[in-house]
Amino acid sequence: MIRYLLSLLAPTLLLSTMATAASAKDGTEEEAHWSIAIHGGAGTIDRDKITPEKDTEIRAALDKALTIGSDILKDGGSAMDAVTATIVSLENDPNFNAGKGAVFTWDKTNELDSSIMDGSDLSAGAVAGINGTKNPILLALAVKDHSPHIMLSGEGANQFSREQGLEQVTPDYYATPHRLQQIEAVLAKEISAADVDYKFGTVGAVAQDRDGNMAAGTSTGGMTGKRWGRIGDSPIIGAGTYADNRSCAISATGSGEYFIRLGIAHEICARIRMRFPEAMKEAQRAVPKDADGNDTYVVHASEFMLSDAEIQQIADDVIAELGALGGDGGIIYATPWGQAGYSFNTAGMYRGRATSEGEQSVAIYGDE
Ligand code: ASP
């Protein structure tokens, strides 16, 4: 709590610890921080377009996924495990455009994209244009852990999935009546999905665990009516997904082409990473001097953080650039200092966050 109050000050000095357990003033051990943020897509999510039943259903699905992830983190599990399990839960829910419920391509097939990144060593795995695997995030993870590569695509990736023994499904597994209706509408009008009134529905999770490790993952069916093997930002490390213990974890959702052009996920992390030493210097300059004009103490990195407002500003600045370019959507973030949050320029974003400070909330509309 002290940390959060202090985070309102800039520059911010921390009295408590960042990631490791520390002794509190009363001599007891303080628990190390953890945090998680999730999304289920951003887009034209207005109150008048969602029935009360759907609203309840979506919130329950988000809360279920968030609880799965936060329970893992609470118990001292890893950010990678929390992100993976959270995304599996969202992929299995037909309300979202990932795994079951993925949107259809122009040819009425499903081509799924997914990626995952471990901020502790910058290892990553991604798959693009796959089908047959029940949970694409598990295939991205297998690429990271069991192949010498970062990204596999199409039939080769499908083959790798079978060789890895991942659960396989028939092509009709992903289909839902709603998604069929959407593709029929796109095909009938011969217009692109970008012109259809829809919400994106991609899923993602970012987390920091009690050991201070960060992870990010994203999974999607892409855009309705996509063709020619189109691949969006979601499986691209640096665009849709990025995690680095030194700065942040990001998962994006929205009009992928724009996210790729700005390298959104990496861009936000890079700005945080570069802002940190600068803010440290500012803090050192603010340290009171003794009678001889020397600093009375040295600001140590482990006692320092960027404030909530600074993190939000960096994320908002990058999303503003996305908007200026013509892109729609948003991101979720987690930082090494326990913050978890969002930034988006659409009417709404399916989202949720939980932290060791007691936060646990889900939201849909922009004004929540
Ligand atoms: N970003 C995804 C894509 O462009 C779509 C989404 O977020 O729903 O494939």
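We count ligands from 1, going down the list as the structure has it; atoms in each ligand are counted the same way.
Between Asp233 and ligand 1, at least one pair of N/O atoms sits closer than 3.5 Å. Among the atoms of Gly256, some N or O lies under 3.5 angstrom from an N or O of ligand 1. For the pair Thr220 and ligand 1, the shortest N or O to N or O distance does not fall below 3.5 Å.
Every atom of ligand 1 is numbered from 1 in the order shown, and the set under 4.0 Å from a heavy atom of Ser234 is 1 (N), 2 (C). Taking every non-hydrogen atom of Thr253 and a distance limit under 4.0 Å, the qualifying atoms of ligand 1 come out as 6 (C), 7 (O), 8 (O).
Using a 4.0 Å cut-off between heavy atoms, Arg230 contacts ligand 1 through its side chain alone, with no backbone atom that close.
Salt bridge Lys134/Glu91: absent, no basic N to carboxylate O contact under 4.0 Å. Ion pairing of Arg271 with Glu267 is present here, as a side-chain N (NZ or NE/NH1/NH2) and a carboxylate O approach within less than 4.0 Å.
For the residue pair Thr176 and His178, no side-chain donor N or O sits within less than 3.5 Å of a side-chain acceptor on the partner.
Comparing Val103, Thr224, Thr218, Thr202 by heavy-atom distance to atom 8 (O) of ligand 1, the nearest is Thr202. Atom 2 (C) of ligand 1 has its nearest heavy-atom neighbour, among Gly222, Ala98, Gly41, Gly254, in Gly254.
Among Thr218, Thr241, Asp233, the single residue meeting the side chain to side chain donor-acceptor pair (under 3.5 Å) criterion with Ser115 is Thr241.
No path of Ile, Leu, Val, Met, Phe, Trp and Tyr side chains, each step under 4.5 Å between heavy atoms, connects Ile130 with Ile236, placing them in separate hydrophobic clusters.
Looking at heavy atoms from C-beta onward, Gln339 lies out of side-chain contact with Arg353 at the 4.5 angstrom threshold.
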